[in-house]
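The structure appears below as structure tokens.
Chain letters run A, B, ... following the sequence lines, proteins first, then strands; residues in each count from 1.
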Amino acid sequence: MTSPAPPSISALPRGHEFAPVPFAVAPGDVRAYLAAVGDAHDYRGLVPPLAAVALGLAALQAQLSLPGGALHTGQEVEQLAPVRAGERLTLSGRIAQRSERHGSVIAVIEFDIAARGDTALRARTTIIAPGEGA
Amino acid sequence: MPIPPVTRTLSQAQLEAYADASGDHNPVHIDPEFARTTPFGGTIAHGMLVLALIGEMMYAALGERWAAAGRLKVRFRAPARPGDTITASAQPAGDGAYSVQCANERGEVLVEGRASVGGAA
């Protein structure tokens with residue numbers, strides 16, 4: 001039995017709240033991220049802010065799908081406290097903005113990542129995606 | 001404080017590695033046949049892969065302060081393609097923040113915005 005596909009970002013209304021997602025960024029995840037981006041620095045057990053954003057978005061994939069033509073058009077990140085590899089994290093997110101233009105949907109996903117009970121990172125990701133009728 | 005630039009040439013293999021590492025398998029990044037049907041005419045890099053050059057540059061200059069309190073706000077203005085040589089650079093913005101960008105070897109600005117640590121970005 002397979003789970004139903006998550007809804008497309010194009011179908012989600014402004015104000016939609018995602019269920020909080022528990023996740024962790026394992027040391028191996030950080031190594032794989034750094035190898036992929038070609039960054040040879042030693043982060044001394046910390047998760048690079050942009051790795052936390054990328055893997056946070058991955059943690060939302062059970063609740064959100066992006067159609068093949070979706071493009072990332074903007075990114076904000078504010079690191080409030082260090083995130084350590086392997087620690088328990090919780091992502092809370094919502095569709096903060098949504099508009100339509102020329103058959104495409106422009107959506108802003110706003111999310112927080114909490115570590116040790118406090119918000120460690122805030123992010124806003126802007127995506128443009130084909131509309132439902134496209 | 002001057003921040004040294006970071007330059008790297010992208011490859012299709014790197015896009016595929018980033019897709020696996022990030023879980024973002026959007027076919028416009030990893031499926032050349034699909035990508036040929038898009039307005040881009042071929043695969044393009046994940047915006048976050050290009051942006052990672054700015055993250056690397058800021059960490060190299062600021063170390064753990066960046067990992068603990070970095071702030072970044074950017075727009076993705078144009079796509080990067082496999083084979084492009086991308087340079088991330090930063091210029092002081094006069095208020096403790098930096099104007100940052102990624103540009104290709106033709107001088108096209110692909111990503112631009114502001115970065116800071118624990119201040120207004």
At a heavy-atom distance under 4.5 Å, which candidate from A:Gly68, A:Ala52, A:Ala58 has the highest pair count against chain B?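 Ranked by contacts with chain B, first place is A:Gly68.
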Tell me which of these, A:Thr126, A:Val83, A:Leu71, has more heavy-atom pairs under 4.5 Å with chain B than the rest.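 The answer is A:Leu71.
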Close side-chain approach of B:Leu51 to A:Gln75, heavy-atom, < 4.5 Å: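 With C-beta onward as the side chain, the pair touches.
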Does any backbone or side-chain atom of B:Arg75 lie under 4.5 Å from a heavy atom of chain A? Answer side chain, backbone, both or neither.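 Contact with chain A involves both backbone and side-chain atoms of B:Arg75.
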Sort B:Ala19 into side chain, backbone, both or neither according to what part of it lies under 4.5 angstrom from a heavy atom of chain A.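 Neither part; nothing is under 4.5 Å.
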Path from [X] to [Y] over hydrophobic side-chain contacts below 4.5 Å:
{"X": "B:Phe76", "Y": "B:Val109", "value": "no"}
{"X": "B:Ile86", "Y": "B:Met57", "value": "yes"}
{"X": "B:Val111", "Y": "B:Val28", "value": "no"}
{"X": "A:Ile109", "Y": "A:Val105", "value": "no"}
{"X": "B:Phe40", "Y": "A:Ile128", "value": "yes"}

Closest-packed option against chain A by number of heavy-atom pairs under 4.5 Å, given B:Gly63, B:Ala21, B:Ala68: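 Ranked by heavy-atom pairs under 4.5 Å with chain A, first place is B:Ala68.
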For the candidates B:Gly113, B:Ala13, B:Ser22, which exhibits the highest count of non-hydrogen atom pairs separated by less than 4.5 Å from chain A?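 With the most close heavy-atom pairs to chain A, the winner is B:Ser22.
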Does anything in residues 39-48 of chain A reach chain B? List residues with heavy atoms under 4.5 Å apart, or say none.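 Near chain B, by residue number: A:Asp39, A:His41, A:Asp42, A:Tyr43, A:Arg44, A:Leu46.
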Are there residues of residues 13-38 of chain A whose heavy atoms fall under 4.5 Å of chain B's heavy atoms? If so, which?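 Listed by number, the contacting residues are A:Ala32, A:Tyr33, A:Ala36, A:Val37, A:Gly38.
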From CG (B:Leu72) to CD (A:Gln79), nearest 0.5 Å: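 These two atoms lie 11.0 Å from each other.
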Nearest-0.5 Å distance that lies between atom CG in A:Leu57 and atom CE in B:Met48: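 Answer rounded to 0.5 Å: 6.5 Å.
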Which bit of A:Leu66 comes within less than 4.5 Å of chain B, counting heavy atoms only: side chain, backbone, both or neither?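 Interface part for A:Leu66: neither.
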Using non-hydrogen atoms and a 4.5 Å limit, figure out which bit of A:Ala54 sits close to chain B: side chain, backbone, both or neither.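 Contact with chain B is through both the backbone and side chain of A:Ala54.
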Search all heavy atoms of A:Leu80 against all heavy atoms of B:Arg71 and return the closest pair with its distance.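 That would be CD2-NH2, 4.2 Å.
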[X], [atom1]: over 12 other non-hydrogen atoms inside 6.0 angstrom:
{"X": "B:Arg8", "atom1": "CZ", "answer": "yes"}
{"X": "A:Arg88", "atom1": "CZ", "answer": "no"}
{"X": "B:Gln91", "atom1": "CD", "answer": "no"}

Any donor and acceptor pair, going by atom type alone, linking the side chain of B:Asn26 with main-chain N or O of A:Ala70 inside 3.5 Å?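 Yes; judged by distance alone, with no hydrogens or angles, the pair exists.
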Go through B:Ile54 and A:Leu50 one step at a time and tell me if the side chain to side chain contact (heavy atoms under 4.5 Å, CB included) criterion holds. CA-CA 9 Å; B:Ile54 290 177; A:Leu50 294 173; 5.6 Å; no
